[in-house]
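Structure record follows, encoded as structure tokens.
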Amino acid sequence: MKIGLAEVNVTPPLGMQIPGYGPKSRLSTGLKDELFAKAMVIESGEAVLAFIVIDILSLELDSSDRIRNRVHAYTGIPAEQVMVSCTHTHTGPPRPLDEAALAYYPTLEAKAADAAILAYGNREEAKIGCGRGSEDSVAFNRRFFMKNGGLQTNPGVLNPNIDRPEGPIDPEVLVVRIDNAQGEPLGIVSNYAVHTDCVGGTEYSGDYPAYISRTIKQLYGETVVSLFFQGACGNINHIDVLGRHDPKVIPHRVRMGNILGREIAKVRDKTTTDSSEVALSAASRFVSVSERALREHEVKWAHSTLAALRDVPDDELSGRQAMEKARAEQRLESLRQPLGSREYEVQAVAIGDLAVVALPAEIFVEFGLEIKEKSPYPYTIINELANGSGNGYVCTPEAFDRGGYEPTGTKFAEEAGGLFVSAALELLNELHGRSQ
């Protein structure tokens, strides 16, 4: 077995728009953390797999395809055996919506592919091992039942009207230890489910995964690559409504990155590695998902939102107001358009006892937990926002009934989550059957 890892800086120039908070202009003015594309290539027997993770909010299908095709052109790895995903940082590169951003994207795509090409060139004899830990102090379900009977997303810290959270979190911290033949650390793959939206402001940042990487490098050396796969966190974020942590004392990204980094290190150090070959396999399935029709209460919400903001000048809107206005306008505009559908890729790869499931969009945690529970593999990583899915929420049917921010803003039909789960489990069982 041979494994190579690499990381390539993809930080855009200053002055570009930072996405993540609707259309309100937020031009970058500085830098908290460099942004990276990181990659791992693993070869065992005749099979080769490549994984690329980019510090970016989301990535469109055409960009993902160009990255995969470039990797194939330079390494021979089939495009369908390349997985491209996003950390979902809300303080990363722009979306390709204006002239400056469009000029940046060819560089971003080339560098993201180059990370895998370099990792391919860095391959050396290696051994891996998988382990799991748990951390429940940095992730919270962000949808709450209120005492008035309604449901609200992010109702605010110490809001006295909060009753209880709507759903669970996924506290599992999955870790893949990667050492060279001499037992020295090459890299660590980690997986956890919580939104990378802890920073705000106008400075580029990789959010808490950047601090996980800092912790890993401090412990094991600057050349050790920390590869973070974002879990199913569509309804999970860092906000503790009980107000137990003051971000003015320790910023969320620092506290979370350090806590998760130490848990990852603890699991890594207790995990044994195997120097033998492991079975590698990959499979994909394309799932057709329709756009959904708006419900009556959503149409009323759109009209009331626009009416409430009608007299507020655009340059005086808060970030939240600007996002809600844009969302309301999009909802009403959609009423004038026929419902469409799109093909989304669900990908699964197996590395011995480990499976990685690549899902499109922002997946509610309930779907990730279901896949893990039913997976035939001892270790299963959920890797959302993968393979050019864009962004948008894949909500539970109950969430559509209850309302809140996520179902109001998504175009995914209510059956999308079930379709993705079914496809993922079919692929996992198919791969597991091959190894028997």
Side-chain angles (χ1 to χ4, degrees), residues 17-27 57-58 88 90 94-95 97-98 140-163 165-167 195 197 200-202 233-239 241 290-340 361-362 364 390-414 416-417:
Q17 187 170 22
I18 296 178
Y21 296 100
K24 191 175 178 66
S25 179
R26 190 166 61 126
L27 302 182
L57 184 75
S58 61
H88 194 49
H90 284 54
R95 288 177 174 158
L97 299 177
D98 58 36
F140 307 89
N141 198 296
R142 69 185 193 179
R143 291 168 53 83
F144 288 85
F145 292 113
M146 308 302 286
K147 292 178 180 177
N148 63 6
L151 186 136
Q152 193 171 340
T153 300
N154 289 337
V157 176
L158 300 178
N159 186 332
N161 296 314
I162 291 173
D163 182 11
E166 180 193 39
H195 249 79
D197 187 14
T202 60
C233 68
N235 51 347
I236 307 296
N237 70 9
H238 64 286
I239 299 174
V241 297
S290 300
E291 294 181 351
R292 69 183 189 88
L294 292 183
R295 298 187 176 191
E296 183 178 350
H297 71 85
E298 293 173 306
V299 178
K300 290 181 178 179
W301 170 85
H303 282 297
S304 64
T305 297
L306 293 179
L309 299 175
R310 182 177 295 120
D311 297 327
V312 182
D314 286 348
D315 60 357
E316 294 181 13
L317 293 172
S318 68
R320 170 64 67 177
Q321 288 174 325
M323 191 156 26
E324 288 187 346
K325 181 178 179 180
R327 191 160 283 191
E329 290 172 342
Q330 291 168 0
R331 295 296 86 191
L332 295 181
E333 175 61 28
S334 71
L335 294 175
R336 295 186 280 271
Q337 306 293 332
L339 294 178
E362 299 176 64
F364 267 34
N391 67 339
Y393 296 99
V394 177
C395 309
T396 61
E398 295 80 9
F400 286 104
D401 294 332
R402 295 164 182 161
Y405 171 76
E406 298 86 357
T408 301
T410 189
K411 291 185 177 182
F412 284 97
E414 297 176 22

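From a predicted model like this one, the values you see are computed outputs, not experimental measurements.
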- request: Give the C-alpha distance, both sets of side-chain angles, the deciding distance and a yes or no for side-chain contact (heavy atoms from CB on, under 4.5 Å) between I236 and N141.
  value: CA-CA 5 Å; I236 307 296; N141 198 296; 4.0 Å; yes

message: Between L306 and L332, does the side-chain contact (heavy atoms from CB on, under 4.5 Å) criterion hold? Intermediate values first, please.
response: CA-CA 10 Å; L306 293 179; L332 295 181; 3.5 Å; yes

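With rounding to the nearest 0.5 Å, the separation of CD1 in I18 from NE2 in H90 is 12.0 Å. Rounding to the nearest 0.5 Å places CG of N159 at 4.0 Å from CE of M146. L309 contributes atom CG, which lies 6.0 Å from atom CG of L317 (distance to the nearest 0.5 angstrom). With values rounded to the nearest 0.5 angstrom, Q17 atom CD is found 12.0 Å from T202 atom OG1. Between N154 atom CG and H195 atom NE2 the span is 9.0 Å, to the nearest 0.5 Å. For the atom pair Y405 OH and N235 CG, the distance stands at 13.0 Å (nearest 0.5 Å).
Contacts of K325 classified as salt bridge (charged side-chain N to carboxylate O under 4.0 Å, His left out), with partners at least two apart in sequence or in another chain: D314. F400 is linked by a ring-ring contact (aromatic ring centres under 6.0 Å, His included) to nothing, counting only residues two or more places apart in sequence or in another chain.
Taking all atoms of both residues into account, the shortest heavy-atom contact from P19 to P94 is CD-CA, 3.8 Å. Between P313 and D311 the shortest heavy-atom distance is CD-O, 3.5 Å. When all heavy atoms are compared, the tightest approach of W301 to S304 is O-OG, 2.9 Å. Listed here is the closest heavy atom pair of R95 and S58: NE-OG, 4.1 Å. Looking at every heavy atom in both residues, A399 comes nearest to P407 through O-CG, 3.5 Å. In plain terms, the two heavy atoms of F144 and P155 that are nearest each other are CD1-CD, 3.5 Å.
In terms of modelled atom types and a separation under 3.5 Å, the side chain of R402 and the main chain of F145 share no donor-acceptor contact. The backbone N or O of E406 sits nowhere less than 3.5 Å from a side-chain atom of T410 that would complete a donor-acceptor pair. Without hydrogens or angle criteria, R143 side chain to G403 main chain gives a donor-acceptor distance under 3.5 Å.
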